[in-house]
Structures are given as structure tokens and as C-alpha cells.
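What follows is one structure encoded as C-alpha cells, with my remarks underneath.
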Amino acid sequence: MRPRRRDWLAGAAVLATVRPAAASESIYRRGNDADPETLDPHRSSTVAEAHILRDLCDGLLTYDNEGAIIPGAARAWSVSEDGLTLRFDLNPDGRWSNGGPVTAADFVFSLRRILDPATGAKYAEILFPIRNAASVNRGEKPVDALGITMEGPLQLTITLEQPTPYILELLTHQTAVPVHRASVEHYGDAFTRPGNLVTNGPYRLTGSVPGGAVQLEANPHHPDAASIAIRRVDFVPTSDLAAAVRRYAAGELDSLADLPADQIGDLRRRFGTQVVLGPSLGLAALAVNTRKAPFSDRRVRQALSLVIDREYLALGLNGGTMSPAYSLCPPGLDNYRTPPETPGGSGLPIDHEEQARRLLGEAGFGPDRPLTVEYRFNASDNNRTVAVAIGEMWRDLGIVTRYVYTDAKTHFAYLRDGGDFDVARMSWIADYADPQNFLFLLQTGNDGFNAGHWSDPAYDALLARAAAERDLARRAGLLYDAEAIALRELPWIPLMHYRSKALIAPRLHGYRPNVRNAAPTRFLRLDA
């Protein structure tokens with residue numbers, strides 16, 4: 001189900017929230033993709049962290065369990081006619097988990113904090129639509145130059161660089177949630193520990209055991225505390241999906257956020273309608289280290305891409321829980337057209353083997369000098385199966401593939417921190433349903449995500465022009481041209497587009513598959 005969308009220039013919005021049934025004292029044991037690397041929302045970057053932070057924190061806006069934008073800390077908002085100024089009225093009943101009031105000053109402090117270069121936020125670029133955000137994050141302007149102003153204790157104004165069609169959706173993201181200033185200043189980096197962490201969302205942190213569970217309980221000070229049915233939720237890391245299914249079958253987990261794709265048929269036979277597939281806006285790809293020979297050679301990247309059988313990966317290995325990807329942007333995005341395709345999108349991979357051999361030969365590789373590729377990935381059953389299959393496809397070209405795998409936290413931290421690699425698995429779930437949210441990943445300087453440090457002035461120029469373009473059709477054309485460059489150069493080799501896949505126990509109610517993959521615990525309930 002697509003989210004219910006409203007005109008982003010609507011004059012004002014005050015939306016009703018969903019009210020769950022009466023409270024139950026049962027613990028919701030929620031399978032989560034991985035251990036969080038951090039619970040500091042301004043340093044977070046993974047889907048596993050986003051699921052937890054959605055329960056702990058309320059941004060100005062948030063999502064319900066159908067993926068629709070609803071009030072968070074703000075009870076109403078308006079957007080100016082020129083699309084450059086947003087005004088928010090905060091809920092006067094908003095409270096931190098320690099009982100203190102949530103104010104406009106909290107959001108001013110928090111947005112300045114994430115964009116302050118001293119914070120080292122991995123996701124700072126996502127907020128660059130805010131006026132002066134890029135200059136602040138680069139250290140060119142002070143943090144108080146950021147386009148956010150407190151108009152009163154509960155009134156806030158955000159000014160943009162240019163009209164941004166996806167701005168309301170952007171403000172639901174964990175990068176835009178507030179942190180508790182006194183706790184940050186008192187505890188420093190330790191402010192995220194149980195007992196120190198003060199949050200404004202429907203839940204508060206009570207415990208965290210690496211490899212065990214992140215434990216939350218309902219925040220008694222939240223404005224909707226009385227309507228929260230599930231009083232405690234334990235987020236359990238489930239990177240070993242086969243083991244997670246066994247725990248689910250034994251009744252030790254009430255839901256799984258991912259499933260071993262090669263077992264989908266068996267899971268459907270065993271669990272029937274408890275297997276729930278839904279839409280998603282996500283990409284699985286291989287990042288290529290364009291700083292490193294021979295992967296700096298476009299011909300090598302193209303050859304690697306041409307012989308990958310995406311239909312087999314998506315429909316065979318993943319049982320139809322993924323779809324073949326010949327573009328970076330998945331279908332179904334707002335403000336776009338049908339995406340361009342990478343070479344090799346038509347025909348079978350075997351039809352492109354000769355072209356791939358020719359490209360490798362031109363780059364200096366062949367039977368007497370085989371190409372060796374180190375393939376890095378974060379370990380899970382699905383990722384391992386895909387990696388081995390791709391290695392077999394490359395072997396037909398005489399390519400030797402070596403594998404390096406770690407847990408998700410280590411893998412993504414290694415890439416963000418500039419680690420050396422040849423090709424590496426990357427995945428991206430959209431923060432908002434706009435092509436910009438996929439294409440910005442490869443902008444020059446976005447080192448947190450552009451792990452291979454690819455840089456193309458024409459690509460950057462098209463994204464800059466698109467950011468300043470108010471006509472949505474012309475903007476879509478500019479973004480299309482930018483994606484076409486990326487698909488020709490292949491700094492990321494697209495593999496598959498995501499679908500959400502979950503196991504939902506019969507005693508859990510309120511889960512609604514949606515394109516945002518949002519399932520806040522506050523809108524769910526458990527049978528006693």
C-alpha cells in the first residue's frame with residue numbers, strides 16, 4: 001500500500017492518530033536486522049537503527065503503521081506559497097521521558113548539532129535542503145546561520161534553500177529528531193546509554209545488550225501514553241535469518257523484519273499468511289572502488305555488470321522477494337519518470353559475455369592475466385548466497401573472486417571510514433520517495449555513502465540544477481540524465497530492488513505492509 005500523500009504545499013495539517021486497543025503487559029519480541037551501531041540519531045545510518053529510533057523519538061512529523069505522515073512533536077504546520085518557509089506549532093503536551101517539556105529550542109539545538117561538522121554525522125547531507133545547511137556542515141558558516149528559528153517556546157520556522165517537494169517526508173527521518181540537550185552536554189558520547197538516554201518518543205530505553213536485545217518500555221510522559229497497547233518491546237538482532245526463523249517457530253520472537261529468501265516457499269508452506277510481503281523502495285548494489293586500479297577503469301566495471309543474471313538473483317535465489325534492478329532508482333518514486341537502464345538490461349547475461357570479454361581484454365585482462373576481485377559483504381544467509389552466485393557468474397569470464405565478510409556494523413563502518421576494497425555490497429532503503437534520495441548517494445564529497453569516491457562533474461552539475469528547478473517535470477528530466485550518467489559509469493552496480501518480507505505472529509495485530517516499511521510499535525498490539 002502506498003502512503004496516503006497530501007499536497008506538500010497544503011496550508012495546514014492537523015491529522016488524527018490511530019488509537020490501539022487497551023494496554024497489554026506482554027513483551028513484544030521484535031526481530032530486527034542487526035545490532036545498532038549507535039542510538040545517537042545524529043550519528044545513525046542503518047535501517048536497524050531507524051526501526052528503534054522510530055519508537056524512541058518523535059520528529060516534528062512521523063509515520064503511522066500505514067506509512068502515512070502524521071503529527072509527531074508538531075501538532076500543526078504550514079508551508080509558504082513560495083515553498084521556502086515552513087512553520088510548526090509544537091504540541092504543548094509534548095514531554096521528554098524525564099517529564100520535561102519538549103520545546104522549539106530543542107529542535108533548534110538538535111538540527112544545529114547534526115549539521116555541526118564536529119558531530120561527524122554520517123547522514124548530514126540529507127538535511128542540506130535547509131538554508132545554509134551545506135555551508136554549516138562544511139565549516140564555512142557558524143551553526144547559528146542554519147535556517148531554523150525559534151519564534152516562541154512552541155513555534156518553529158525552517159527556511160529552505162529552494163522549494164523541496166519531499167521536505168515533509170524528510171522531517172520524519174531520524175536525522176531530524178531532537179536530542180535532549182542537557183543529557184548530551186552532561187554525558188557526552190555516553191548520553192545514549194540506558195539510564196542516560198532521554199527521548200521524546202512513545203518509548204524509552206531501559207536496557208541494551210550487544211547481540212542480545214535493545215529493551216524499551218512505554219514512555220509514561222508521552223502525550224499518547226494511555227493509548228499505547230504494547231508496554232514493552234525488545235528489539236532482537238537477527239542477522240542469522242535461519243536461526244531467527246527457528247526462534248520464531250519456537251515462539252521466542254513475535255515478528256521478523258527479514259526472511260531467508262531461499263526458504264520463502266518452505267516458509268509459506270509452514271506459516272501460511274504469517275509470511276507477509278509488501279512494497280519497498282530499496283536498492284541492493286555493489287559499490288566499486290573507483291580510486292583503485294583496475295576498478296577505476298569503466299570497462300572493468302561494465303564487464304562485471306554485464307554478466308550478472310539479476311533475474312536469477314531476484315526470482316531464483318530470492319524467491320521473488322526481490323526484483324531485478326537495472327537502474328539505481330526503483331519504480332514507483334514520486335516526481336520521476338521510468339528510470340533509465342544500465343547496459344545489458346535487455347537479453348540474457350550469456351548474450352553479453354562476448355562484450356564483457358572484449359571490455360576486459362581492452363583493460364588488459366584475459367586467460368593469461370585473470371582479473372581478481374575481492375568481494376566484501378555483511379554476513380547474512382541471503383547476502384552470502386548472492387555473493388557466491390555472483391562469483392560463479394564472474395568465473396565464466398575467468399575472474400577469480402575472493403570473499404571477505406563481517407557483521408553489518410563492521411562492514412558499513414569500514415566502508416564509511418575509507419577502508420580499502422574492490423567491490424562491496426551496499427544497500428539503501430529510501431528515506432523519502434523521491435529520486436534525489438538515491439542519486440545524492442553518488443555526489444562528489446558524500447563520502448559517508450559514496451564509498452568508492454566516484455566523482456563526475458557533469459553528474460554533480462545535473463543534481464545541482466535539479467535542486468534549483470521548481471518545475472517538477474523539468475526536474476525529473478535533469479535527474480533522469482544524471483542517473484543515465486551513473487548507469488554508464490557504474491560506480492554502483494545495481495543488483496536488485498527490495499520488497500519487504502516479514503513473519504508476523506497471529507498474536508500481533510496492526511502490522512500493515514507499506515512502501516515506507518514503517519511499523520511503529522505504538523500502533524501495534526498483542527493478544528494477552
Side-chain angles (χ1 to χ4, degrees), residues 2-11 61 67 69 77-86 123-135 137 147 158-173 175-176 281-283 325-342 428-446 449-450 454-489 491-492 494 497 515-516:
R2 291 301 305 271
R4 299 186 299 273
R5 298 199 177 273
R6 297 167 177 81
D7 187 339
W8 77 286
L9 291 177
L61 307 171
I69 296 172
W77 59 91
S78 64
V79 183
S80 63
E81 201 162 320
D82 63 4
L84 294 176
T85 304
L86 296 83
Y123 239 137
E125 291 91 346
I126 203 172
L127 295 173
F128 281 7
I130 299 175
R131 181 163 294 173
N132 293 329
S135 298
N137 190 243
I158 296 177
T159 307
L160 306 180
E161 290 283 359
Q162 59 271 322
T164 305
Y166 50 86
I167 188 62
L168 295 183
E169 195 171 6
L170 186 62
L171 294 175
T172 67
H173 194 261
T175 52
L281 295 176
L283 170 70
Y326 298 96
S327 60
L328 298 174
C329 293
L333 292 173
D334 295 337
N335 313 313
Y336 205 33
R337 56 173 74 169
T338 301
E341 288 192 351
T342 185
W428 182 253
I429 304 297
D431 301 302
Y432 43 92
D434 188 275
Q436 190 274 348
N437 193 223
F438 288 88
L439 302 182
F440 93 105
L441 298 167
L442 292 170
Q443 281 183 295
T444 301
N446 189 1
F449 299 106
N450 186 1
W454 179 67
S455 179
D456 188 291
Y459 181 87
D460 294 339
L462 285 165
L463 290 192
R465 287 174 59 196
E469 179 56 66
R470 297 186 61 177
D471 182 279
L472 291 181
R474 285 197 290 268
R475 176 180 181 269
L478 293 167
L479 294 174
Y480 180 96
D481 291 344
E483 183 171 7
I485 291 174
L487 293 174
R488 183 182 69 240
E489 297 294 327
W492 279 24
H497 288 134
V515 76
R516 298 299 323 135

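For reference, positions follow the sequence shown, starting with 1.
- Side-chain atoms of Trp454 never come within 3.5 Å of backbone atoms of Trp492 as a donor-acceptor pair (strictly under, hydrogens ignored).
- Side-chain contact check for Asp431 versus Tyr166: every heavy-atom pair is 4.5 Å or farther apart.
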side-chain contact (heavy atoms from CB on, under 4.5 Å) between His173 and Tyr123: does it pass, once the steps are laid out?
CA-CA 10 Å; His173 194 261; Tyr123 239 137; 3.6 Å; yes

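- Here the CG-CG distance, from Leu462 to Asp456, works out to 9.0 Å after rounding to the nearest 0.5 Å.
- In this structure, CD1 in Ile485 is found 7.0 Å from CG in Asp481, a value given to the nearest 0.5 Å.
- To the nearest 0.5 angstrom, Asp334 atom CG is 12.5 Å from Tyr432 atom OH.
- Under the 30°/60° scheme for interplanar angles, the aromatic rings of Tyr336 and Tyr480 are found to be tilted.
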Show your reasoning for whether side-chain contact (heavy atoms from CB on, under 4.5 Å) applies to Ile69 and Glu169.
CA-CA 7 Å; Ile69 296 172; Glu169 195 171 6; 4.1 Å; yes

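- Looking only at side-chain heavy atoms (C-beta outward), Leu160 and Arg131 stay at 4.5 Å or farther from each other.
- When every heavy atom of Leu168 is checked against every heavy atom of Leu61, the shortest pair comes out as O-CD1, 3.5 Å.
- Under a 3.5 Å cut-off, the side chain of Asn446 and the backbone N or O of Phe440 do form a donor-acceptor pair.
- One distance of note links CD of Glu469 with CG of Leu478; it measures 6.5 Å at 0.5 Å rounding.
- Looking only at side-chain heavy atoms (C-beta outward), Gln436 and Pro165 stay at 4.5 Å or farther from each other.
- Across all their heavy atoms, Ser327 and Pro340 have their closest contact at CB-O, 3.1 Å.
- Taking 4.5 Å as the limit, every side-chain heavy atom of Pro435 sits out of range of all side-chain heavy atoms of Glu483.
- With hydrogens and angles ignored, the 3.5 Å screen pairs a side-chain donor or acceptor of Thr164 with a backbone N or O of Gln162.
- Listed here is the closest heavy atom pair of Leu170 and Pro129: CD2-CG, 4.1 Å.
- To the nearest 0.5 Å, the span separating OG1 on Thr338 from CG on Leu333 amounts to 11.0 Å.
- Pro331 approaches Leu281 most closely through the heavy-atom pair O-CD2, 3.9 Å.
- In this structure, the side chains of Trp77 and Leu86 stay at 4.5 Å or more apart for every pair of heavy atoms.
- With contacts defined as side-chain heavy-atom distances shorter than 4.5 Å, the pair Leu442/Leu328 qualifies.
- Of all heavy-atom pairs spanning Glu125 and Gly445, the tightest one is OE2-O, 4.2 Å.
- For Pro339 against Pro330, the heavy-atom pair with the smallest separation is CG-O, 4.3 Å.
- In this structure, the side chains of Arg474 and Arg465 stay at 4.5 Å or more apart for every pair of heavy atoms.
- Between Glu161 and Asn132, the closest side-chain pair of non-hydrogen atoms falls below 4.5 Å.
- Not a single donor-acceptor pair under 3.5 Å links the side chain of Asn335 to the backbone N or O of Asp434.
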